[in-house]
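Quantities reported herein were computed from a predicted structural model and do not represent experimental measurements.
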Amino acid sequence: TSEALAGVGIDLYEGETKIDTLTSVDGDVVLSTTGEGAKLEYGKSYKLHLSSIPNGYIPADDIEFTINDEFVSDTELTFELEKFSITISKVGSENALIGGAELELLKADGTSLHTFTTVAGSSYTVPAEVLEHIAYGDVVKLRETKAPAGYLLNTSVAHILRSIIV
């Protein structure tokens with residue numbers, strides 16, 4: 001995303017040792033190589049790791065860097081976070097997308113997040129405002145509450161795992 005996100009937790013590592021935890025206030029975190037409180041030293045290699053991100057986003061890869069002559073004082077390192085999405089389809093015989101199924105998206109503890117009805121010939125994408133209540137890696141469940149006309153109610157509960165959300 002190109003928007004600055006507040007509340008992102010970033011761990012600073014030197015090698016495998018965590019040396020600081022930082023939290024973005026307005027989307028930015030500033031690290032200094034000079035002055036009081038300087039954390040970075042010339043010639044050393046570091047890693048930035050996202051320790052916490054807002055709900056609805058996929059974690060970005062770590063950023064590794066070395067403080068040297070090529071790393072100038074105003075170098076900007078940026079984590080590019082992407083929002084995840086969940087798309088759901090009710091599929092019948094011959095892979096036809098079936099309408100009229102009433103479905104409910106639930107948190108792992110059974111708390112309802114969202115209900116919707118499928119439309120024939122279409123998949124359903126869960127709205128972004130619902131995804132803001134789901135952290136990356138959370139297990140969410142999908143339950144059919146009303147079967148489409150001519151079908152039996154599916155009483156099994158599907159678990160949507162992180163590998164599907166990406």
Margin query: Apply side-chain contact (heavy atoms from CB on, under 4.5 Å) to residues Tyr136 and Leu131 and explain how you reach the verdict.
Written below: CA-CA 9 Å; Tyr136 181 80; Leu131 298 178; over 6 Å; no
Item checked: Other residues, nucleotides, ligands: >12 heavy atoms within 6.0 Å of Asp61 CG ->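 12 or below, so no.
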Mind listing the closest non-hydrogen atom pair of [X] and [Y] along with its distance?
X      : Y      : result
Pro148 : Gly99  : CB-O, 3.3 Å
Lys141 : Ala108 : NZ-O, 3.1 Å
Glu16  : Lys47  : OE1-NZ, 4.5 Å
Ser123 : Thr87  : CB-CG2, 3.6 Å

Just verifying a value: how many Å separate [X] [atom1] and [Y] [atom2], rounded to the nearest 0.5 Å?
X      : Y     : atom1 : atom2 : result
Phe65  : Ser45 : CZ    : OG    : 9.0 Å
His114 : Ile88 : NE2   : CD1   : 8.0 Å
Asp11  : Ile19 : CG    : CD1   : 10.5 Å
Leu12  : Leu22 : CG    : CG    : 6.5 Å
Ile63  : Glu80 : CD1   : CD    : 9.0 Å

Any side-chain heavy-atom pair from [X] and [Y] closer than 4.5 angstrom?
X      : Y      : result
Leu50  : Val8   : yes
Val140 : Ile134 : yes
Leu97  : Lys90  : no
Leu48  : Leu77  : yes

Judged by atom type as modelled, is there a donor-acceptor pair below 3.5 Å linking the side chain of [X] to the main-chain atoms of [Y]?
X      : Y      : result
Tyr46  : Ile67  : no
Ser52  : Gly9   : yes
Thr117 : Gly100 : no

Determine whether the side chains of [X] and [Y] contain a donor N or O and an acceptor N or O closer than 3.5 Å.
X      : Y      : result
Thr66  : Asn68  : no
Glu104 : Ser112 : yes
Asp62  : Tyr13  : no

Next item on the list: Answer yes if the ring centres of His49 and Phe79 are under 6.0 angstrom apart, and no otherwise.
Entry: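 Ring centroids of His49 and Phe79 are no less than 6.0 Å from each other.
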Notebook entry, point to check: Would Ile58 and Leu81 count as a side-chain contact (heavy atoms from CB on, under 4.5 Å) if you check the C-alpha gap in whole Å, the side-chain angles of each, and the deciding distance to 0.1 Å?
Noted result: CA-CA 6 Å; Ile58 301 169; Leu81 297 178; over 6 Å; no
Next item on the list: Mind running side-chain contact (heavy atoms from CB on, under 4.5 Å) on Val91 and Ile98 for me, showing each step along the way?
Entry: CA-CA 6 Å; Val91 180; Ile98 302 168; 5.9 Å; no
Margin query: Determine whether Leu153 and Glu144 satisfy the following criterion, side-chain contact (heavy atoms from CB on, under 4.5 Å), listing intermediate values before the conclusion.
Written below: CA-CA 7 Å; Leu153 181 68; Glu144 185 173 69; 3.7 Å; yes
Margin query: Using the rule side chain to side chain contact (heavy atoms under 4.5 Å, CB included), only one of Leu142, Val126, Val130 pairs with Ile86; which is it?
Written below: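 When Leu142, Val126, Val130 are each tested with Ile86, the side chain to side chain contact (heavy atoms under 4.5 Å, CB included) holds only for Val126.
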Notebook entry, point to check: With hydrophobic residues grouped by side-chain heavy-atom distances under 4.5 Å, do Val139 and Leu106 end up in a single group?
Noted result: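 Different clusters.
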